[in-house]
Amino acid sequence: MKRAFTLLELLIVIIVVTVLLMLAVFLVQRSREAARRMQCSNNLRQLGLAVHNFHDVFKKWPKANFQPQFCREEFFNPETGGYGNRELYGILPVLIPYVASTPYYDILITQLGKEGDASLPWEKSQDSIATLQMAMPFAPDVFPFLCPSDGFAQNRTDADFGRTNYHGCRGDIWVDWKSKSTRGVFISGPNDPIGLSGIVDGTSNTLMFAECVIGNNHGGRDAPVRGGIAYGMPYGADAVPMRCLERAGQKGKLTGEQNHDVLTDSRGAGLCWMSGRQVNDQFFTILPPNAPSCSSETDWQDWALNSASSYHVGGCNVGIADGSVTFVSNDVGCGNLDQSALDIISPYHKTAESYTKGKSPWGVWGALGSRAEGVYGIP
């Protein structure tokens, strides 16, 4: 006569099977995330190669905004002293020919080459611009601008202007979107772009791109640290970064006043891939990866202190100026964040714009973001 399972034996079998299933799910998820992280790295490599191909043609790097290809002499308005909306186009639009087929770029050039002021990067009144905006997020094989680990990167809304997870490095001194500060590799405003010779540290020691998660506030007041923006903050080179870092609260939420518009239109990190405004496609190497992003309550789109961020575990991918990619930990050294940049670099430099060369205020991470201070080896 066969002996039946006892209740204890049955419970043990159930527990073992449950543990094995949980382990299998964990391993599958881990494997999938490893694949997504590798795809993200490949995207950054493509962007790095695109920048170098761009340099081969123009002998200069792209700019953060005020692209010479768009801000041509015939479009200068002496009354305003500028180029109108053409100033607002950022890094990724000029890289289109080097990551995608030329017709996509022709759409943009045709529109921006018309007489009069150009369309805004986040304007949908022009069908050709709108077509290009919306083509990008859903053609990842054509435009390597999205990280597959970021669920918000794949969302589509009626107010969408095209999204990107990859932001250009503006350096280690907090300035506004068109400041004369030239610490990072992507020069902003009416300043001249740099060539490879302008990267004093050498391309293997200087950052070019980093991941930033798509801006979101989950529809409520408790905005997440990754993707939210803490605003109403002191800002600029005389601000103390620790005050921004302290806005990281419990359970990955920001404390205090937050921005509630970061998922409603072009405003917010990565929500308009064509835009060269600071909040949309730039980051600073001041706070470590996955730290809060902060800004002022007024002009916050132009003064945004975007921190590098990702949904990978423990840090984020970054693109190096030599075209390589590495992973930087959340624990990377950032120096003493409980003082301002001007406190550190004074009395020899009274303004952030005058501090173009010299040691970074923010340790290894800051030095990697600056093209003018020697640091050797990636952490």
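We're numbering straight along the sequence, starting at 1.
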Legend entry - Test: Asp338 and Arg243 ion pair at under 4.0 Å: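 Here Asp338 pairs with Arg243 in a salt bridge, since their nearest N and O are under 4.0 Å apart.
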Inset, instruction - Find the distance between CZ (Arg226) and CD (Glu211) and round it off to the nearest 0.5 Å. - result: 10.5 Å
Legend entry - Distance under 6.0 Å and angle within 45° of ring axis: Arg86 vs Phe75: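 Because its charged atom sits under 6.0 Å from the ring centre and within 45° of the axis, Arg86 does stack over Phe75.
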Inset, instruction - Measure from NZ or CZ of Arg170 to the centre of the six-membered ring of Phe283, then state whether that distance is under 6.0 Å and the direction lies within 45° of the axis. - result: no
Inset, instruction - Check whether Ile194 and Val200 end up in the same hydrophobic cluster, where Ile, Leu, Val, Met, Phe, Trp and Tyr are linked by side-chain heavy atoms less than 4.5 Å apart. - result: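 Result: no, two separate clusters.
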Inset, instruction - Indicate if Trp273 and Ile107 have the same hydrophobic cluster label, given that clusters are the connected sets of ILVMFWY residues with side-chain heavy-atom separations under 4.5 angstrom. - result: yes
Inset, instruction - For a side-chain contact (heavy atoms from CB on, under 4.5 Å) with Asn290, tell me which candidate from Ser309, Ser307, Ser329 qualifies. - result: Ser309
Can you give each donor-acceptor pair under 3.5 Å made by side-chain atoms of residues 297-305, sequence neighbours left out, with the distance rounded to 0.1 Å?
residue, atom, partner, partner atom, Å
Asp302, OD1, Arg277, NE, 2.9
Asp302, OD1, Arg277, NH2, 3.2
Asp302, OD2, Arg277, NH2, 3.3

Legend entry - Check: Phe209 ring centre within less than 6.0 Å of Tyr166 ring centre: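 Judged by ring-centre distance (under 6.0 Å), Phe209 and Tyr166 do not meet the cut-off.
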Inset, instruction - For this output row, return yes or no: ring centroids of Trp122 and Phe161 closer than 6.0 angstrom. - result: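 No.
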Inset, instruction - May I ask you to check if the distance between the SG atoms of Cys294 and Cys244 is under 2.5 Å? - result: yes
Inset, instruction - For residues Leu146 and Asn43, determine if any side-chain heavy atom of one lies less than 4.5 Å from a side-chain heavy atom of the other. - result: no
Inset, instruction - Give a yes or no on this: more than 12 heavy atoms of other residues, nucleotides or ligands lie within 6.0 Å of atom CE of Met242. - result: yes
